[in-house]
Amino acid sequence: MLAFAYSRSEMVHDALVVLAKMKDLSFQPSILTCNSLLYNLRCTDHLWNVYDEIKSSGIPPSEFTNSIFIDGLCRQSRLQDAVSFIQETEGKEFGPSIVSFNTLMSGFCKMGFVDVAKSFFCMMLKCGLRPDAYSYNILIHGLCIAGSLEEALEFTIDMERHGVEPDVVTYNILAKGFRLLGLMSGAWKVIEKMLLKGVNPDVVTYTILICGHCQMGNIEEGFKLREEMLSRGFELSIISYSVLLSSFCKSGQIDEAMKLLYEMEGFGLKPDLITYSILIRGLCKVGEIQRAIQLYKEMCLKRIFPNSFSHGAILSGLCQKGMISQARMYFDTLTKSDLTEDIVLYNIMIDRYAKIGNIGKAVQLYKQIIEKGITPSIVTFNSLIYGFCKNRKLDEARGLSDTIKMHGLVPSVVTYTTLMNAYCEVGNLQGMLKLYQEMEAKALEPTCITYTVLIKGLCKKQRLQESVQLLEDMYAKGLAPDQITYNTIIQCFCQAQNMRSISIT
DNA sequence: ATAGGGTTAG
């Protein structure tokens, strides 16, 4: 009991001391205690030791033992070991359980390998196991994160067909999937369906919707939903607050954001690393670097330790203020001392160099990444492509497509949009449209910026009707045009001296 | 003891 209590209270060290004593006295701990310990050490190097210890001690494992072990392997990114383990346990007393498979699928999804996860879904069926709501939700989530919304929806239908009712988690996952693509009208349809099915929204649902409003720049609607939430007896979570905070920060209303921070603290909610990172970024964005550093220190005093998010906030703050040499100094100390070589920090720096047209420095940092054996991300390449485009080196920019493939990466909407913009700038409408078709063929959803580039390209060739049609397409999709979209169209009509059509919307 | 909501670079 003592060992169990220690373990449950995450006092793992004490638990281990008690267990060692027990071993001296030849007392056997219960499997409950062992599992709890295995669970608490699942992210550490002790995972194997504890597991081997259980195996050799003769304590009969429970059905949970194996799935906890698999979870540990997945969390340590040892997916291959997890797969081998599942294969070994097949046919044994506690062979692969649904939970084991679900854990494994979740592990693969988190690493971005949805296809592999799907193959385990099939394997599960072959083992005679019936996927449960977790199995479906894990896959649907993985697909949504990967942007394959259509397939996620197909899986949802499949789920219903097999008698597993989509629950609040399923609907939340789908709503977020639409939100991620900026398609809020789709998200609302998901919620409608959910209500129709008699499934009640929860705090997560509200948070996704508030986030959607905020993302569309409509903080007011976000706050209205918050009122509705409160009137229905829900309490705001740290995350709901963070969404609202973030929205204020994005629109530069930093004092409003700080007010929310004090409000949440007043309710006894403790801001976490993400909340602080949002605020630090917000302060940097409006140029208040000193206040940002002050908050950063306050966070450290509360024993919340900065990660690359908070560092990235300060770094991009310095960059945005045009303090490029200070930014570089900060960057150098971070990359020299930090054990984790985060690609995001490199990306921020590379992007800044690209933005100011210093492609030389950008390429230099890229080479440094490769030398250090750090894997570049698609963002790294997008920034480099931007840099080349800005310097009118379109061939070099396009040439990077092969390098992207070489690294096993996939061009994103941003890759396409950046290149399309470059073609648009040099007046190559055909080149731009060809890229757009290629993008569509890969089922990549165009963003507001993609549409704006398309509109700009068409406007340049006086194809006004088509550009207005694109604007209509955006409305139909629930994709919000921004100021630049409107400015582009207005400017174009002005140039065509067609002042009346401006009221077309 | 397996699933869902918030921050980053384009």
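Computed over heavy atoms, backbone and side chain alike; hydrogens, waters and symmetry mates excluded.
What separates CZ of F121(A) from C1' of dT2(B) is a distance of 14 Å, to the nearest Å. In this structure, CG of L244(A) is placed 10 Å from C1' of dG6(B), rounded to the nearest angstrom. Look at CG on N137(A): it is 14 Å from C1' on dG5(B), rounded to the nearest Å. Distance, I86(A) CD1 to dT2(B) C1': 11 Å, rounded to whole Å. For the pair I449(A) CD1 and dA9(B) P, the interatomic distance rounds to 11 Å; values are reported in whole Å. The CD1-C1' distance, from I239(A) to dG5(B), rounds to 5 Å in whole Å. Atom P of nucleotide dT7(B) and atom NZ of K176(A) are separated by 8 Å, given to the nearest angstrom. Taking atom CD1 on I356(A) and atom P on dA9(B), their separation rounds to 18 Å, with Å as the unit.
In this structure, of dT7(B), dG5(B), dT8(B), it is dT8(B) that holds the atom nearest to the side chain of R281(A). Closest to the S383(A) side chain, of the nucleotides dG10(B), dA9(B), dT2(B), is dG10(B). Each of dT8(B), dG6(B), dA9(B) was ranked by its minimum atom distance to the side chain of K250(A); first place goes to dT8(B). Side chain of R179(A), nearest nucleotide from dG5(B), dA3(B), dT2(B): dG5(B). The side chain of F309(A) approaches dT7(B) more closely than any other nucleotide in the set dG5(B), dT2(B), dT7(B). Closest contact between the side chain of S106(A) and the listed nucleotides dA3(B), dG5(B), dG6(B) involves dA3(B). Listed candidates were dT7(B), dG10(B), dT2(B). Nearest to the side chain of S277(A) is dT7(B).
As judged by a 4.0 angstrom heavy-atom cut-off over every strand, T418(A) is placed among residues making no nucleic acid contact. Within 4.0 Å (heavy atoms only), R42(A) reaches no atom of the nucleic acid at all. Contacts of L32(A) with the nucleic acid, taken as non-hydrogen atoms under 4.0 Å apart, include base atoms. Using a 4.0 Å heavy-atom criterion, one finds that I138(A) contacts the sugar-phosphate atoms exclusively. K355(A) comes within contact range of the sugar-phosphate backbone alone, with a heavy-atom separation under 4.0 Å but no base atom that close. Across all strands, T275(A) comes closer than 4.0 Å to base atoms (heavy-atom distances). Residue contacts shown for V413(A) are absent, as no nucleic acid heavy atom lies under 4.0 Å away. At the heavy-atom level, D351(A) lies under 4.0 Å from the strands shown only through sugar-phosphate atoms. Base engagement by I238(A) is indicated by at least one non-hydrogen atom pair under 4.0 Å involving a base atom. Among the heavy atoms of the strands lying under 4.0 Å from V379(A) is at least one base atom, whether or not backbone atoms are also near. Residue T170(A) is classed as having no contact, given no heavy-atom separation below 4.0 Å to the nucleic acid.
In summary, K224(A) and E221(A) engage in a salt bridge, as defined by a charged side-chain N under 4.0 Å from a carboxylate O.
With a 4.5 Å cut-off on side-chain heavy atoms, M194(A) and T205(A) count as touching. Looking only at side-chain heavy atoms (C-beta outward), M229(A) and S240(A) come within less than 4.5 Å of each other. In this structure, F381(A) and L409(A) have side chains that are in contact, with non-hydrogen atoms separated by less than 4.5 Å.
Scanning atom types as modelled, no donor and acceptor separated by under 3.5 angstrom connect the side chain of T380(A) and the base of dG10(B). No hydrogens or angles were tested; on distance alone, a donor-acceptor pair under 3.5 Å links the side chain of N347(A) to the base of dA9(B). Contact annotation: side chain of S237(A) to base of dG6(B), donor-acceptor pair absent below 3.5 Å. For dA1(B), its base never sits under 3.5 Å from the side chain of Y39(A) at any donor and acceptor pair.
Using a 4.0 Å cut-off, no side-chain N or O of R352(A) falls inside it from OP1 or OP2 of dG10(B). The phosphate of dG5(B) has OP1 or OP2 within less than 4.0 Å of a side-chain N or O from H141(A).
Defined by atom type and a distance below 3.5 Å, a donor-acceptor pair is missing between the side-chain atoms of Y206(A) and R226(A).
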Do Y416(A) and Y436(A) pass the ring pair (Phe, Tyr, Trp, His ring centres under 6.0 Å) test, and can you show the C-alpha distance, the side-chain angles, and the key distance before you say yes or no? CA-CA 7 Å; Y416(A) 280 103; Y436(A) 181 60; 9.4 Å; no

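Checked options S246(A), S310(A), S316(A); the residue passing with R281(A) is S316(A) (criterion: side chain to side chain donor-acceptor pair (under 3.5 Å)).
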